[in-house]
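Scroll down for the structure; my scribbles are underneath it.
Order of listing sets the numbers, starting from 1, for every ligand and every atom in it.
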Amino acid sequence: MTQEIFAKRRKELFEKLNGGMAVLFAAPVATRNNDVHYEFRSSSDFYYLTGFREEEAAAIFLPNDEKPYRLFVMPKNPEREMWEGRRTGVEKAKSLYQADETYAIEQFSEIFSTLLKKNGRLYYTLGDFPGQDEMILNLLKNYSPNPRAGDKIFESLSSLAPLVSPMRKKKSIEEIELMRKNCQNSGLAHQKAMEITQPGMYEYQIEAEIEKWFRFGGADDLAYASIVAGGENATILHYKTNRDQLKDGDLLLIDAGGEMDLYASDITRTFPVNGRFTEAQKKIYSIVLDAQKAAILAVKPGVRFLDVHNAATEVLVKGLMGLGLLKGDLKEIMSDRSKYAKFYPHNTSHWLGMDVHDCGAYFDENKNSITLEEGNVLTIEPGIYIPSDQNDVPKEYWGIGIRIEDDILVTANGHENLTANCPKEIAEIEAIVGSRKT
Ligand code: GLY
Ligand code: MN
Ligand code: MN
């Protein structure tokens, strides 16, 4: 993304701030163990508005000031840089990131307190990073304005998130291009994982294969921890140990996506380890696939988010009734989640963007389901999960867990499936699985 794009976003936000001051931090560095850190990833809002990806950074926006955009960064330090990597530094950051002023991050407290004197209405999102929250709250507690010298008293603290999240929910052309590229790359990686799968391999080997292709195609990270779940492990929704051996006759569920330039993809595919669905697997798979297609077909501007879920759920419930796994009246079952939650315990969709479960409201102020708008991106991911040892379920279905997930862009007249290149038809899958020997 170019700096013009970040500048345009700031301009839009500045109008919403209505003269108030906003503060954002890059995410803190997190310890993994001893002196090893987790790979650093900046916070989504901070990156969305600055385009700056280094650690230990902050931004202050004060629209009506002579310096509306102040950026705080790690200062140059040749010795530290030799060990830890290059830093842009204070001087270069100013022109590269189009800031009105840049400072060393160590100066943040001092500058923030000085600016509070000019404006006591603060926008800051509490709850993301406890260390930074504590610092901001301490600075506010210790703020002692001198009104006789013209200092503003502290007036209000509001969350910044409600101003930024509607912006992030409507994707620009540039964001859509990036998400399309990332989604297609992740779709291809899923296919590559299918190609090498065969009985006897281990979940972590398939995990290694799919993650290789994410990175190979340009993703710089995972959007979330990959779920590679063989057999009954697929009935654990957030399974992530990925250590078991894949058995002949079992299905393999992979829920994984790469992250490119801080934008997520989120794809799930389920396929037979040996390349052939059993009749029972085929029956459940077809229900999930039909449900997913019905929900995708429903996506267009003006449709309620809930209607997309209902489109999928109706097909799932009808299908499960057809197999005798659910009994009763369709409308009654549909209207009472507890009646089908045993097989379908999660929702059909979530917003997708910089965060895999992206920001953005799901209900309007009257508590009605929100309507889809052009530029929204959502997942469609129905599933059926049947753990073993359920006496009221025929044994042939025990241990089956199936989810199919695509990433869908709402377009002016309908939708675009950003992950359409990822195989999901039964015949395609059966032709691909196991077709490449490693
Ligand atoms: N991979 C997380 C989800 O599908 O929501
Ligand atoms: Mn998802
Ligand atoms: Mn997923």
Side-chain angles (χ1 to χ4, degrees), residues 41 44 165 168-169 171 179-180 182-191 193-194 203 206-207 210-211 213-214 219 221-230 233-242 251-260 262-271 285 288-289 291-296 298-299 305-306 308-309 311-313 316 341 343-362 370 372 376-385 401-410 415-424:
R41 182 200 184 271
S44 298
S165 63
R168 281 179 48 193
K169 197 169 130 208
K171 272 69 180 175
M179 289 188 77
R180 191 182 284 124
N182 186 33
C183 284
Q184 284 175 0
N185 184 48
S186 294
L188 177 70
H190 272 263
Q191 177 171 333
M194 287 178 195
E203 291 168 344
I206 312 301
E207 179 184 14
I210 196 165
E211 293 181 0
W213 289 102
F214 292 156
D221 208 337
L222 303 175
Y224 53 94
S226 305
I227 296 167
V228 182
N233 292 339
T235 63
I236 302 164
L237 297 179
H238 289 164
Y239 176 79
K240 53 186 176 296
T241 41
N242 301 354
L251 293 171
L252 176 61
L253 180 153
I254 305 182
D255 183 346
E259 180 181 272
M260 207 175 267
L262 278 77
Y263 282 78
S265 59
D266 184 8
I267 304 179
T268 307
R269 288 293 182 266
T270 312
F271 55 90
Y285 189 89
V288 178
L289 185 58
Q292 205 234 8
K293 286 181 181 173
I296 292 175
V299 173
F305 192 87
L306 183 63
V308 177
H309 173 65
T313 308
L316 287 183
F343 297 116
Y344 185 36
H346 58 78
N347 285 314
T348 304
S349 304
H350 54 79
W351 303 126
L352 183 73
M354 300 186 76
D355 297 322
V356 64
H357 295 163
D358 209 31
C359 57
Y362 290 93
I370 208 107
L372 304 181
N376 296 159
V377 179
L378 68 161
T379 65
I380 307 256
E381 49 179 307
I384 293 179
Y385 311 90
I402 293 172
R403 179 165 65 256
I404 306 171
E405 176 174 29
D406 282 308
D407 302 340
I408 310 297
L409 166 72
V410 184
H415 58 266
E416 175 187 336
N417 184 349
L418 300 175
T419 47
N421 70 330
C422 190
K424 64 181 175 186

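Ionic pairing of Asp358 and Lys171 is present here: one or more N-O contacts between side-chain nitrogen and carboxylate oxygen are shorter than 4.0 angstrom.
Looking only at distances, no side-chain donor or acceptor of Asp407 sits under 3.5 Å from a matching main-chain atom of Cys183. At distances below 3.5 Å, not a single donor-acceptor pair connects side-chain atoms of Thr235 with backbone N or O atoms of Gly401. In this structure, the side chain of Thr419 does not engage the main chain of Gly187 through any donor-acceptor pair within 3.5 Å. Side-chain N or O atoms of Trp213 include none that pairs as donor or acceptor with a backbone N or O of Gln191 at under 3.5 Å.
Annotation: Glu405 places an N or O atom under 3.5 Å from an N or O atom of ligand 1; distance criterion only.
In this structure, atom 3 (C) of ligand 1 lies nearest to the protein heavy atom Asp266 OD2, 3.3 Å. Scanning all protein heavy atoms for the shortest distance to atom 5 (O) of ligand 1 gives His357 NE2, 2.7 Å. Glu381 OE1, 3.0 Å is the protein heavy atom nearest to atom 4 (O) of ligand 1.
Defined by atom type and a distance below 3.5 Å, a donor-acceptor pair is missing between the side-chain atoms of Asp255 and Tyr239.
Checked against the 6.0 Å centroid criterion, the rings of His190 and Phe271 do not qualify as a close aromatic pair.
Among all heavy-atom pairs drawn from Glu381 and Tyr344, the shortest one is O-OH, 4.3 Å.
Excluding waters, the count of protein N/O/S atoms less than 2.8 Å from the Mn ion (ligand 2) comes to 4.
Listed by number with element, the atoms of ligand 1 under 4.0 angstrom from any heavy atom of Tyr224 are 1 (N).
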